[in-house]
Amino acid sequence: DAAVAFLVHRSQSGASSMRTFLKDSRGEETGFTLAEVLIASGISVLVLLGVITLLVSTFSSWHGVNLRMDADTEANMALSRLVYGVGGRLGLRSANAQDVLIANADDGSWTLDYITGSAVPQTNRFSYSADDECLVFNPGAKMVGRDVTAAWVAVSGASLAVTVRVEKVQGRETVRREIGTTITFRN
């Protein structure tokens, strides 16, 4: 339990420069050589680079998953609103088969007018604009879906096929999600 002592030595040549050594309790010089310091520094830099690489990779993965979840949510909500309705108004699930009218445009846009078969019939309209990439519900011009790069509706006999594609772009990351369903008319 001897304390470490600092001893000052003069060089053997008698020059006035002084060197400081650290000695342990047994009187032996201690410390790190330049080679040891350089090796330790190199290892530390490699470990730090590995940690930074892992952090960047993890952040990139998290960002991609978050973007995919946003696209999934947007596609699911748009399809749900098409099928079940918006703001107390009934959706395509309640439409009368004979009262569904689809008008397609050359640019991929369309409008779908329908009358519901409820006790108090409602006249509703869904519009898809390929230029604006959005779905809108009327009456009320309520936004049904954003970032909708494509949407299709097609009547086939007693059913209606509906598909929505949402694309999200953020930085270099692009995510595309597509979801669809078939609605069978009850009447």
Side-chain angles (χ1 to χ4, degrees), residues 48-187:
L48 186 60
L49 286 174
V51 168
I52 289 172
T53 302
L54 180 66
L55 181 66
V56 168
S57 174
T58 301
F59 180 74
S60 178
S61 294
W62 174 81
H63 181 68
V65 167
N66 193 38
L67 196 58
R68 283 188 290 281
M69 286 175 34
D70 286 348
D72 283 340
T73 300
E74 189 69 36
N76 285 327
M77 290 302 295
L79 189 64
S80 177
R81 290 173 181 148
L82 281 164
V83 173
Y84 297 107
V86 178
R89 304 286 293 198
L90 298 174
L92 295 172
R93 185 174 182 202
S94 299
N96 288 320
Q98 66 275 10
D99 294 326
V100 174
L101 176 63
I102 300 171
N104 292 308
D106 291 336
D107 67 351
S109 299
W110 50 262
T111 58
L112 186 146
D113 294 303
Y114 65 99
I115 299 173
T116 63
S118 60
V120 179
Q122 301 171 351
T123 302
N124 299 322
R125 170 181 278 181
F126 283 104
S127 301
Y128 170 67
S129 171
D131 292 335
D132 298 332
E133 296 185 344
C134 65
L135 277 165
V136 177
F137 177 80
N138 278 301
K142 295 176 182 165
M143 184 68 62
V144 174
R146 288 185 167 81
D147 301 321
V148 179
T149 57
W152 303 275
V153 290
V155 176
S156 175
S159 64
L160 175 71
V162 181
T163 304
V164 175
R165 179 187 301 153
V166 172
E167 187 172 304
K168 296 276 188 177
V169 178
Q170 220 172 38
R172 296 181 305 202
E173 187 87 31
T174 300
V175 173
R176 182 179 297 149
R177 293 295 196 227
E178 188 172 301
I179 186 170
T181 190
T182 300
I183 303 164
T184 302
F185 296 114
R186 297 180 182 155
N187 45 18

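The first residue of the sequence shown is numbered 1, and numbering continues consecutively from there.
Listed by chain and residue number, R176 satisfy the side-chain hydrogen bond (donor to acceptor under 3.5 Å, both in side chains) test with E167 (two or more places apart in sequence, or in another chain). Legend: residues meeting salt bridge (Lys or Arg N to Asp or Glu O under 4.0 Å) with R89, ordered by chain and number and at least two apart, are absent. Scored by the side-chain hydrogen bond (donor to acceptor under 3.5 Å, both in side chains) test, T111 finds no partners at all (sequence neighbours excluded). The salt bridge (Lys or Arg N to Asp or Glu O under 4.0 Å) check on E74 picks up nothing, with sequence neighbours excluded. By the side-chain contact (heavy atoms from CB on, under 4.5 Å) test, D131 pairs with D107, S129, sequence neighbours left out. Considering only residues two or more places apart in sequence or on other chains, R81 meets the salt bridge (Lys or Arg N to Asp or Glu O under 4.0 Å) condition with none of them. With sequence neighbours excluded, the residues satisfying salt bridge (Lys or Arg N to Asp or Glu O under 4.0 Å) with D72 are R177. Under the rule for a side-chain contact (heavy atoms from CB on, under 4.5 Å), the partners of T73 that lie at least two apart in sequence or sit in another chain are M77.
Residue pairs that meet the salt bridge (Lys or Arg N to Asp or Glu O under 4.0 Å) test with at least one member in residues 151-166, sequence neighbours left out, are R165-E178. Listed by first and then second residue, the salt bridge (Lys or Arg N to Asp or Glu O under 4.0 Å) pairs that reach into residues 54-66 come to none, sequence neighbours excluded. Residue pairs meeting the salt bridge (Lys or Arg N to Asp or Glu O under 4.0 Å) criterion with at least one member in residues 116-125, sequence neighbours excluded: D113-R125.
When side chains are defined from C-beta on, V162 does not count as touching V83, because their heavy atoms never get closer than 4.5 Å.
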Sequence neighbours left out, cut at 3.5 Å: what donor-acceptor pairs do the side chains of residues 142-161 make with other protein atoms?
{"from": "D147", "atom 1": "OD2", "to": "K168", "atom 2": "NZ", "distance (Å)": "2.9"}
{"from": "S159", "atom 1": "OG", "to": "S156", "atom 2": "O", "distance (Å)": "3.1"}

